[in-house]
Amino acid sequence: MNQGRANPRQRVYKNGTIVYNGGTSTRTCLIRDLSASGARISLHSTIGIPNDFLLMFANGSRYFCTVKWRKLTGLGVEYRDDAT
């Protein structure tokens, strides 16, 4: 099922950390879907999460992200070109 996306999603269940405010603020999250261009993230609340942040995976992978959609307990993000 293509879902109208440029890159197909893969369902996952991975722990992650959202890092923002110049690295002084963090929120734990659960990464639910991954693709080559972004992710779907679940967390207790998206209140206070900025539109741009660093997403860190438990394995050390890091991606700079921009929020594409937002719900009370979830985010859809796109990886930015300056990913590291």
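All heavy atoms count here, side chains included; hydrogens, waters and symmetry mates do not. Numbers for residues simply follow the sequence, beginning at 1.
Remark: Leu54 CG to Cys65 SG distance equals 7.5 Å, nearest 0.5 Å. With rounding to the nearest 0.5 angstrom, the CG atom of Leu55 is 8.0 Å from the OG1 atom of Thr17. Between atom OG of residue Ser35 and atom CZ of residue Arg9 there is a gap of 8.5 Å, rounded to the nearest 0.5 Å. From Lys68, atom NZ reaches atom CG of Asn51 across 10.0 Å, with rounding to the nearest 0.5 Å. Rounding to the nearest 0.5 Å places OG1 of Thr66 at 4.5 Å from CZ of Arg80. To the nearest 0.5 Å, the span separating CE on Met56 from OG1 on Thr28 amounts to 13.0 Å.
A donor-acceptor pair under 3.5 Å is formed between the side chain of Thr46 and the backbone N or O of Lys71.
Two residues are said to be in side-chain contact when any heavy atoms from C-beta on lie closer than 4.5 Å; Phe57 and Leu34 meet this criterion. Annotation: side chain of Arg70 is in contact with side chain of Ile49 (closest heavy-atom distance under 4.5 Å). Arg27 places a side-chain heavy atom less than 4.5 Å from the side chain of Ser45. At a threshold of 4.5 Å between non-hydrogen side-chain atoms, the residues Pro50 and Asn21 do not count as touching. At a threshold of 4.5 Å between non-hydrogen side-chain atoms, the residues Ile18 and Tyr20 count as touching. Contact check for Val77 versus Ile41: side-chain heavy atoms found under the 4.5 Å cut-off. With contacts defined as side-chain heavy-atom distances shorter than 4.5 Å, the pair Asp81/Phe64 does not qualify.
Residues Val67 and Phe53 share a closest heavy-atom pair of CG2-CE2, 3.7 Å.
Contacts of Arg40 classified as salt bridge (Lys or Arg N to Asp or Glu O under 4.0 Å), with partners at least two apart in sequence or in another chain: Asp33. Thr73 is linked by a side-chain hydrogen bond (donor to acceptor under 3.5 Å, both in side chains) to nothing, counting only residues two or more places apart in sequence or in another chain.
Using the six-membered ring where Trp is involved, Tyr79 and Tyr63 have ring planes that are parallel, under 30° apart on the 30 and 60° scheme.
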